[in-house]
Enquirer: 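One structure is given below, represented as structure tokens, and several questions about it will come after.
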2 protein chains.
Amino acid sequence: MMEKAEEILKIKDVNPTAVRILVLRYLLEHLKPQSLKDIEKGLMHTDRSSIFRSLKTFEEKKVVHSIEDGSGMIKYAVCPTGCNCDPQDLHYHFYCTKCSYTYCLLDNPIPIIKLPQNFKMQRANMVVKGLCNKCS
Amino acid sequence: MMEKAEEILKIKDVNPTAVRILVLRYLLEHLKPQSLKDIEKGLMHTDRSSIFRSLKTFEEKKVVHSIEDGSGMIKYAVCPTGCNCDPQDLHYHFYCTKCSYTYCLLDNPIPIIKLPQNFKMQRANMVVKGLCNKCS
DNA sequence: TTAAACTTTGCAATTGAGTTGCAGTATATT
DNA sequence: AATATACTGCAACTCAATTGCAAAGTTTAA
Ligand SMILES: [Mn+2]
Ligand SMILES: [Mn+2]
Ligand SMILES: [Zn+2]
Ligand SMILES: [Zn+2]
């Protein structure tokens, strides 16, 4: 990503505080979706609860999306440019059961899913599990 | 479901102990996928860890499949007849953000997902979130 | 400027689902 | 019956997530 953290926060209408910039930069530097613990380890002088609250704010303001990959730790990834987290913006994720790497499969938009009558889709958490290219 | 718990356990090669029969019957009685806590509340005289271990055994032996719907509690549902939890047997799930009901969308098999080179699919956890027919 | 109002942060404590060790009980095998 | 194996209940523990609160920082309105 070449966008600067501050620009993203401005676009997404999030107050660019010190912690938020650090957290967002950290996410931008790592293509791999990061857990709260990952970020905590990476930003050794920033408090966990502050990081946690930044992530919650980011999610709410659609700066990041979260991935429940079943590992027990929620992962966070910066939303691709133009993403508004609407159903048509969503993509699959892949969780490698061997190396525990979580991938955003950005090239695979999820298809239109035929829901039962009167079911309304808002979001989705689509995780394929298996072995990644490095592990298979 | 009309299958008796004992029959399913026999087919899936699981020793039909007292707790296991109780847990499986409980799941069969409820179409809604149940959490460990749900089952614990339903089977007031059965210990949590015993239920937990039954569910782990069931999952391993493909008696049930688990659903990580993001609610913080894993849900368990009896596998439909003939299901072997292979990729082609998988289906979408729907989590209602208002009433917290988790649905197995058995009529919607998931499509073939084009993964990157050398990625091998083993399992999947596909959860659509939104409002169910009763809540929209 | 200054004071009040609001926002953000760090720390400590709590929550709660999930998991495990272990000893006692039940069941199967010899 | 004696032994081995499988199952169960209880209590304790793990650990990611979350919260309360007071201090620090920032904005706004006298
Ligand atoms: Mn993603
Ligand atoms: Mn299901
Ligand atoms: Zn891998
Ligand atoms: Zn609902």
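Order of the sequence lines fixes the chain letters, A, B, ..., with proteins taken first and strands second; residue numbering starts at 1 for each chain.
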Enquirer: Which of parallel (below 30°), tilted (30 to 60°) and perpendicular (above 60°) describes B/F94 and A/F119?
Expert: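 The arrangement is perpendicular - the two ring planes meet at more than 60°.
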
Enquirer: For the NZ atom of A/K62 and the SG atom of A/C83, what is their distance to the nearest 0.5 Å?
Expert: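 Between A/K62 NZ and A/C83 SG, I get 8.5 Å after rounding to 0.5 Å.
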
Enquirer: Hey, is the side chain of B/K56 poking within less than 4.0 Å of OP1 or OP2 on C/dT19, counting only N and O atoms?
Expert: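 So the side-chain polar atoms of B/K56 do come within 4.0 Å of the phosphate oxygens OP1 or OP2 of C/dT19, strictly under.
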
Enquirer: What's the closest nucleotide to the A/V19 side chain, out of C/dT9, D/dC7, C/dT7?
Expert: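 Shortest atom-to-atom distance from the side chain points to C/dT9.
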
Enquirer: Looking at D/dA6, C/dT7, C/dT19, which one has an atom nearest to any side-chain atom of B/R48?
Expert: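 Taking heavy atoms from C-beta onward, the closest nucleotide is C/dT19.
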
Enquirer: Could you pick out which residue, A/T17 or B/L36, lies toward the 5' side of DNA chain C when each is mapped onto its nearest nucleotide?
Expert: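 Checking each residue's closest nucleotide, the 5'-ward one belongs to A/T17.
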
Enquirer: Run the salt-bridge test on B/R25 and B/E6 with the 4.0 Å N-O cut-off and return the result as yes or no.
Expert: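 Looking at B/E6 together with B/R25, the answer is yes, because their closest N to O distance falls below 4.0 Å.
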
Enquirer: Does the structure place the NZ or CZ of B/K32 under 6.0 Å from the centre of the six-membered ring of B/Y103, at an angle of no more than 45° from the ring's axis?
Expert: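 Here B/K32 fails the 6.0 Å and 45° test against B/Y103.
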
Enquirer: I need the CG-C1' distance between B/L9 and D/dC7, as an integer number of Å.
Expert: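 Those two atoms, CG and C1', are 14 Å apart.
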
Enquirer: Hey, is the side chain of A/K37 poking within less than 4.0 Å of OP1 or OP2 on D/dC15, counting only N and O atoms?
Expert: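 Negative; the distance criterion is not met.
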
Enquirer: Would you say the side chain of B/S50 and the base of D/dC7 hold a donor-acceptor pair, judged only by whether the two atoms sit under 3.5 Å apart?
Expert: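 No, no donor-acceptor pair under 3.5 Å.
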
Enquirer: Looking at the base of C/dG10, is there any donor atom on it, or on the side chain of A/R53, that sits under 3.5 Å from an acceptor on the other one?
Expert: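 Indeed there is one.
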
